[in-house]
Amino acid sequence: MRLSDTLTGSVVELPPPSAGEIGMYFCGPTVYARAHIGNARPYLVGSWYARWLRLRGYSVKLVHNITDVDDKIFVAAPGRSGERADRATAWYLDDVGRFGLDEVDEFPRVTAMIEPIKDFIAELLEREFAYAVGGDVYFRVSRSPEYGVLSGQRPEQVEEQEPNPRKEDPRDFALWKASKPEEDRSWDSLWGKGRPGWHIECSAMAEKLLGPAFEIHGGGRDIVFPHHENELAQSRARGHDFARIWMHNGMLRFTGEKMSKSVGNVETIMDVLDEWGREAVLLFFLTAHWRSPIDFSAERMASALARADGLRESFRNPSQPAPEGSWERFKESLDDDFSTPEALALMHEWRDHELLRRALDVFGLASLAEEQEAPAEVEELARRRQEARVARDFVESDRLRAEIEAAGWEVRDEADAYRLVPKA
RNA sequence: GGCGACGUGGCCGAGUGGUUAGGCAGAGGCCUGCAAAGCCUCGUACAGCGGUUCGAAUCCGCUCGUCGCCUCCA
């Protein structure tokens, strides 16, 4: 099992299945609005990979966090940030639930983890990796000689953002933010009323749910710096290792740049699923390697939909044994850095029902392998059409075919029979 | 400016030294009452310029271009 790793910049080997549980932590969204389709990528990559590892005999625990307290939420719903966060959390769970993968073991929320976060901060203060000032607590970057190992950013070239006189060093980042008058949610702490900074939550929640060191930490490429760099610094500041492998997925682009709410080039998961269906959406993501950027467009979605139909079509024709070693090749393509484009290409060559069904199930696409029964009234129309055909009354038979099609079904004539399939 | 990813035929996307990737779209054919599905045939691509080599999409160098990060962001 090999996987590209951001930290080492190379492809690394996973431990063998019996070596214990694989802990996986994938960064989830900040919940303040309906999530867009780009937000779905880490969820899908994490879920698919966990699913594959489980099929390969690994024991896996997959954690996907929800950031439900943050500046964005305060801004989006002044005075009702808790309400908004709860609603947007439900939206998100609903949206990703529609993918039908169900591999995530826990969706921890920051607001339910305040105590472990405070404990974490307290320990960093004790070890002098942090300092409290005016109700804020900051991480002291100068105490981390390795700072920058993950992103390749050199500490001295990290530019100063908004000048903040409370910081000892402009590179320092907030672990705890003192409550502001316009913010309607805060928690008591030894440093005053406030709430956690963005980065500390993941360090604390990962440790709480996966232990101090775990296998794989995932998320979008865009959060390598500063988010993951900071997490790594915080966690290592406590004297133990953190994630061993960092799995960063490529960005989803739309209209030439990264899809993001701040740019405004957004399509929600909900809308895309409504328009194209889950199978097409899953196949769309599968056509690109998880590490590569992927362009969202109607053309590519249409192509993914055609692919879904093509695979479904494979089950309407007789099964033919796949060449010797087919499953082995499929397995190897996924074992080797989880190359879904390669695995998909192999599947397209198969006419072997059992093998195909098994492969589709790896990606949550077993629905493509289901037979559908036509309703009785459509069956009746088809039966009458067949009679007309036998009687060579083609005017009547074509008329009946139009009726069948209007009902959403397609007739395919065979030697002495016919077959009904749902219209694409 | 710094760090990183990448550039393959109309669109996606494998392929890391020499022999067919695959899919989608398109063209022609077989089959069919007509269709659909299926099957067969058809594309000689690898950003550009140098270099190494008997031989490069594949190795080396340079150039150009795209995207991401360096600031909230999956």
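In what follows, chains are A, B, ... by sequence order, proteins preceding strands, each numbered from 1. The basis for the numbers below is simple: all heavy atoms, side chains too, and nothing from hydrogens, waters or symmetry mates.
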- Report which part of the nucleic acid A:Val263 touches: base, sugar-phosphate, or nothing (heavy-atom distance under 4.0 Å, all strands). nothing
- Query: Can A:Glu354 and A:Arg358 be counted as an ion pair, charged N to O under 4.0 angstrom?
  - Reply: no
- Query: Under 4.5 Å between any side-chain heavy atoms of A:Leu7 and A:Leu232, yes or no?
  - Reply: yes
- Check whether any side-chain N or O of A:Lys423 sits under 4.0 Å from OP1 or OP2 of B:rA36, and answer yes or no. no
- Task: Indicate, with a heavy-atom threshold strictly under 4.0 Å, whether A:Asp71 touches base, sugar-phosphate, or nothing.
- Result: nothing
- Query: Is there a Watson-Crick or G-U wobble partner for B:rA21 with both distances under 3.5 Å, and which nucleotide is it?
  - Reply: none
- Hey, does A:Asp295 reach any base, or is it just sugar-phosphate, or nothing, if we go heavy atoms under 4.0 Å? nothing
- Query: Using a cut-off of less than 4.0 Å, is there contact between a side-chain N or O of A:Arg300 and OP1 or OP2 of B:rG13?
  - Reply: yes
- Query: How would you label the contact of A:Asn317 with the nucleic acid (heavy atoms, under 4.0 Å): base, sugar-phosphate, or nothing?
  - Reply: sugar-phosphate
- Message: Heavy atoms only, 4.0 Å cut-off, all strands: where does A:Glu313 land among base, sugar-phosphate and nothing?
- Response: sugar-phosphate
- B:rG55 - base-pair partner by Watson-Crick or wobble geometry, distances under 3.5 Å: none
- Message: Once hydrogens and angles are ignored, does a donor-acceptor distance under 3.5 Å link the base of B:rC70 to the side chain of A:Asp222?
- Response: no
- Query: Over how many whole Å does the gap from A:Lys261 atom NZ to B:rU71 atom P extend?
  - Reply: 21 Å
- Task: Check the distance between B:rG33's C1' and A:Asp398's CG and give it to me in whole angstrom.
- Result: 8 Å
- Query: How long is the line joining CZ of A:Phe26 and P of B:rA74, in whole Å?
  - Reply: 15 Å
- Message: Only pairs with both distances under 3.5 Å count, Watson-Crick or wobble alike; so what is the partner of B:rC39 in this structure?
- Response: B:rG29
- Item | Axial cation check for A:Phe74 ring with A:Lys180, 6.0 Å and 45° limits | no
- Query: CH2 of A:Trp290 versus P of B:rC6: gap in Å, rounded?
  - Reply: 11 Å
- Could you check whether A:Ser333 gets within reach of a base, just the sugar-phosphate, or nothing at all, counting any heavy atom under 4.0 Å? nothing
- Hey, does A:Gly219 reach any base, or is it just sugar-phosphate, or nothing, if we go heavy atoms under 4.0 Å? sugar-phosphate
- Query: With A:Arg109, which residues qualify under side chain to side chain donor-acceptor pair (under 3.5 Å), at least two apart?
  - Reply: none
- Reckon A:Arg399 touches a base, only the sugar-phosphate, or nothing at all at heavy-atom distances under 4.0 Å? nothing
- Taking atom C1' of B:rG13 as reference, at what distance in whole Å does atom NE2 of A:His348 sit? 11 Å
- Counter-base of B:rU16, judged by Watson-Crick or G-U geometry with both distances under 3.5 Å: none
- Aromatic ring centroids of A:Trp52 and A:Tyr49 under 6.0 Å? no
- Query: Is A:Gly310 touching bases, backbone alone, or none of the nucleic acid, heavy atoms closer than 4.0 Å?
  - Reply: nothing
- For B:rU66, the Watson-Crick or wobble counterpart (both distances under 3.5 Å): B:rA5
- Task: Remember a base hit wins even if backbone is also touched, and classify A:Arg316 as base, sugar-phosphate or nothing at under 4.0 Å, heavy atoms.
- Result: nothing
- Atom C1', compared across B:rU16 and B:rG55: separation rounded to whole Å: 15 Å
- Send over the distance from A:Arg412 CZ to B:rA36 P, rounded to a whole Å. 11 Å
- Message: Less than 3.5 Å apart, any donor N or O on the side chain of A:Arg389 or A:Gln386 sitting next to an acceptor on the other?
- Response: yes
- Task: Nearest whole angstrom, please: distance from the C1' of B:rC34 to the CD of A:Glu410.
- Result: 14 Å
- Task: Using atom CZ of A:Phe284 as one end and atom C1' of B:rG13 as the other, report the distance to the nearest whole Å.
- Result: 13 Å
